[in-house]
Amino acid sequence: MIEISRSVAIPDSEIELTAIRAQGAGGQHVNKTSTAIHLRFDIKASSLPDAYKERLLAASHHLITSDGMVVIKAQEYRSQEMNREAALARLVSLIQELMVEQKSRRPTRPTRASKERRLATKSQKSSVKAMRGKVRGGE
């Protein structure tokens, strides 16, 4: 069981973990051992609460495919067990991150003093620029 929150957990049977060969440099070790982990989690077929499913399926995240499958590839570590833990941790953090309720923005208005300061600065800059012109009648 992977615990998401106090009341929500995912059974191990719903997560598909596959060991694959890692990409990149590494010499002989990387070419002959399957240390990378490929995690697949079907949101629609999971036992998550409906609110979680709706939120995850509505999110436009690079780890979630269009048909509602979470695909995570973990290959940071040289051992398969550490990569398995990293992949599961990334799945848990993805679900927790998407379940955080975003605060709605309350529109604010500029104060009267800030408007007056802005206009005063504006007129001051205007007068400075007006003074930059050619000097006339100085003969």
Side-chain angles (χ1 to χ4, degrees):
M1 281 295 235
I2 291 116
E3 195 172 310
I4 306 297
S5 66
R6 289 184 197 163
S7 59
V8 179
I10 301 171
D12 294 332
S13 60
E14 292 182 3
I15 299 169
E16 182 186 326
L17 293 168
T18 313
I20 57 173
R21 288 198 187 136
Q23 294 176 318
Q28 294 173 341
H29 180 71
V30 105
N31 296 333
K32 63 185 181 182
T33 56
S34 299
T35 55
I37 294 293
H38 200 254
L39 180 145
R40 293 177 68 80
F41 175 67
D42 191 3
I43 298 168
K44 293 176 184 171
S46 70
S47 62
L48 286 173
D50 290 335
Y52 278 66
K53 286 183 186 180
E54 288 172 20
R55 200 77 170 269
L56 288 168
L57 292 170
S60 62
H61 199 277
H62 70 279
L63 295 175
I64 302 173
T65 62
S66 58
D67 55 314
M69 190 73 92
V70 177
V71 179
I72 297 174
K73 183 178 180 185
Q75 61 179 11
E76 302 95 62
Y77 302 103
R78 290 187 61 171
S79 77
Q80 194 179 89
E81 188 54 41
M82 287 182 76
N83 281 329
R84 180 179 285 116
E85 289 173 17
L88 292 172
R90 281 169 55 192
L91 175 67
V92 170
S93 69
L94 168 74
I95 295 171
Q96 288 174 343
E97 172 189 319
L98 291 175
M99 289 313 296
V100 172
E101 196 73 38
Q102 295 292 323
K103 281 187 177 179
S104 59
R105 183 188 175 278
R106 290 175 53 207
T108 58
R109 298 175 99 177
T111 62
R112 186 169 154 194
S114 69
K115 285 181 187 176
E116 288 171 3
R117 280 194 302 271
R118 181 180 61 85
L119 293 174
T121 308
K122 207 170 168 180
S123 63
Q124 185 183 1
K125 282 192 184 291
S126 170
S127 64
V128 166
K129 289 184 178 187
M131 299 295 278
R132 288 186 190 153
K134 286 188 176 179
V135 179
R136 298 184 189 193
E139 292 176 26

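Atom set for the values below is all heavy atoms of this structure, side chains included, hydrogens, waters and symmetry mates excluded.
Applying the 4.5 Å side-chain rule to ILVMFWY residues, one finds that Leu119 remains a lone member of its cluster. Ile20 belongs to no multi-residue hydrophobic cluster, having no ILVMFWY side-chain contact under 4.5 Å with any other such residue.
Heavy-atom minimum distance, Gln124 versus Ser127: O-OG, 2.8 Å. Smallest separation of non-hydrogen atoms from Ala74 and Ala86: CB-CB, 4.5 Å.
Evaluation of the salt bridge (charged side-chain N to carboxylate O under 4.0 Å, His left out) rule for Arg132 yields no partner, not counting sequence neighbours. Residues satisfying the salt bridge (charged side-chain N to carboxylate O under 4.0 Å, His left out) criterion with Arg90, sequence neighbours excluded, are Glu76.
In this structure, Pro49 and Val8 have side chains that are in contact, with non-hydrogen atoms separated by less than 4.5 Å. Between His38 and Val71 the shortest side-chain heavy-atom distance falls below 4.5 Å. By the 4.5 Å heavy-atom criterion applied to side chains, His61 and Leu94 are counted as neighbours.
Glu14 places no side-chain N or O within 3.5 Å of a backbone atom of Phe41 that could act as its donor or acceptor partner. Remark: side-chain polar atoms of Asn83 are not paired, donor with acceptor, to backbone N or O of Ile37 under 3.5 angstrom. In this structure, the side chain of Gln75 engages the main chain of Gln23 through a donor-acceptor pair within 3.5 Å.
Partner Leu91 forms a side-chain contact (heavy atoms from CB on, under 4.5 Å) with one of Val70, Leu63, Ile4 and no other, that one being Val70.
Met69 is not connected to Tyr52 by any chain of hydrophobic side-chain contacts under 4.5 Å among Ile, Leu, Val, Met, Phe, Trp and Tyr, and they are in different clusters. Note on Leu98: it clusters hydrophobically with Ile2, by side-chain heavy-atom contacts below 4.5 Å among ILVMFWY residues. If you chain together hydrophobic residues whose side chains sit under 4.5 Å apart, Leu39 and Tyr77 never meet in one group.
Side chains of Ser126 and Ser123: a donor-acceptor N/O pair is absent below 3.5 angstrom, by distance only.
Taken to the nearest 0.5 Å, the OG1 atom of Thr35 stands 11.5 Å off from the CZ atom of Arg84.
Applying the salt bridge (Lys or Arg N to Asp or Glu O under 4.0 Å) test to residues at least two apart or on different chains, the pairs with a partner in residues 114-127 are Arg112-Glu116.
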Donor-acceptor contacts under 3.5 Å from residues 53-60 side chains, at least two apart:
from, atom 1, to, atom 2, distance (Å)
Lys53, NZ, Lys44, O, 3.4
Lys53, NZ, Ser46, O, 2.9
Arg55, NH2, Val100, O, 3.1

